[in-house]
Amino acid sequence: MLLLLAACTAPDKEDPVVLAFPEGFRWGAASAAHQIEGGNTNNNWYQFETLPAFADKVAEPSGDAVGGYTRYEDDADLLVGLGADVYRLSIEWSRVEPSRDTWDEAEWAHYRAVLEALRARGIEPMVTLHHFTEPIWVQDLSALDCEGGPTDANLCGWTNPDVPAEFAEFSAEAAARFGDLVDEWTTFNEPGGYLLSGYLGGLFPPGEFNLTASAIQANVIPVAEGLADGHVAAYAAVKAADTVDADGDGQPARVGFTNSIQWIVPVDADSPDDVAAAERMQTLYGYMFPDAVISGLLDRDLDGVPEEAHPEWANTVDSLGYQYYFRLFVKARPGFPPLDAVPCDPSVLEIIGLALDDVGCPEPDPDDVTTMDNENYSPGLGLLATALAERYPGVPLRVTEAGLATDTGQRRAESIVRELVGLKAAMDAGAPVDGYIHWSLTDNFEWARGFTPHFGLYSVDRDTMERSSTLGAEVFTTIIADNGLRQSVLDTYGSGEHLSPEE
Ligand code: BGC
């Protein structure tokens, strides 16, 4: 409450803003259609949640999610309450194109209403075109073997060149229809996450395990190429179709993708093997897609050195979104596919029947552990800004997701404040970051984990769908109002031990 009052008052000499972000720095929150809307029954995730073949994969189905499809005005009001400039949201492809080459006008009208509700409140929409979901006709999980080859009802996934082309058509349609409302476009959310969770670890649709080097070459790399092709085609399509400068900054469309990247470090920093293993892991996990669509390079043999040239992919990013959640230790492990390395992530190791101890991995720092068992290491956000700025000089950066799974607003507030301290230091040292978008506006459907992990600035009672503010939202509101961190916020949330995630 005290902090809320602070947010409403003018600059305070007793409690000055000690870490001021640059004028024009963008603040916001994010969501994704399938995670909030409910009733998305025509996409790959719905199949993954409901088909018996994947029964053990998802904790619970998305169902009505958090009622976001109908509550979009309320959610826009929450953003106003935060004082946010930007809302990152996605358009559900399977709603607007339920079957191949057929538009659903009522669904397009729905998304226009959503975008108008944001603009009417002075909030800039940043629109994602693919946030892990795609229509069943792109890849039908009930017919994964694709016997008889692709049809209009099942294009058999991203290795079919028709799929990148279809994605570009959908993207062009969205850009043409909404160019007057949208200037910020994201082709893919975390193509690396989609690829590695779906085709390597089997945690996402289509649930494939490919853990041998040959299976990876045969089944994973071709999907990566399809995704890169899809991004490049959608980039060009959106640029051509969105010619209206909605926000008057002289640029009708800024197009990019959002990249999942964690702070990946060797278990033993003095071991050249662990150091090289961590580098290979980061090249695959955090750099594969930016290397492809910024530098036009692919590390096909996964040795940590991207050497295969793809000039046709290069320079197709106007702004790179990056999304950070945790620190990940990596241990060299010869013979362990595909990288001769293991990630010290208990849930990944569990898939292959190993525990942290078995492979010489440290336990995550108990002070930083989240309810998803990973380590929300706050310096990571800034360290990654620096690393990305060095690897991709001249490419503007934005934090398009950062957050953690926690049941307490206090812990969320602490994480936001501590991550921003590191981010500001990286910006002061030259990292060109123009905004920070928190994941997430509200609690939502956390994919395979269902509704148990809570990421929301606002919590949601799923019986009533009521949203309630958390301390995370209150502190974030103060930060946005101040465009920085005032001394009392820093003192209260910026140091000391965290609450444990359950407290
Ligand atoms: C994804 C979100 C997800 C979040 C938290 C990101 O990888 O883009 O959809 O909910 O992480 O796990």
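Ligands are counted one by one from 1 in listed order, and the atoms in each one are counted from 1 as well. The first residue in the sequence is number 1, and the count goes up from there. Note that the structure is predicted; figures quoted are calculated from it, not measured.
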### Task
Could I get the full list of salt bridge (charged side-chain N to carboxylate O under 4.0 Å, His left out) partners for Glu116, not counting sequence neighbours?
Arg112
### Task
Would you mind listing every salt bridge (charged side-chain N to carboxylate O under 4.0 Å, His left out) that reaches into residues 74-90, with sequence neighbours excluded?
Arg71-Asp74, Asp75-Arg467, Asp77-Arg121, Arg88-Glu401
### Task
Select all protein residues for which some heavy-atom-to-ligand 1 distance is less than 4.0 Å, and list them by chain and number.
Gln35, His131, Phe132, Asn189, Glu190, Gln323, Tyr325, Glu401, Trp439, Glu446, Trp447, Phe455
### Task
Just grab all the salt bridge (charged side-chain N to carboxylate O under 4.0 Å, His left out) pairs involving residues 37-53, residues at least two apart or on different chains.
Glu37-Arg95
### Nearest heavy-atom neighbours spanning Ala426 and Ala385
CB-CB, 3.9 Å
### Message
Within the 3.5 Å criterion, strictly below it, is a donor on Ser171 or Tyr235 matched to an acceptor on the partner's side chain?
### Response
no
### Query
Gln262 side chain to Tyr325 main-chain N or O, any donor-acceptor pair under 3.5 Å?
yes
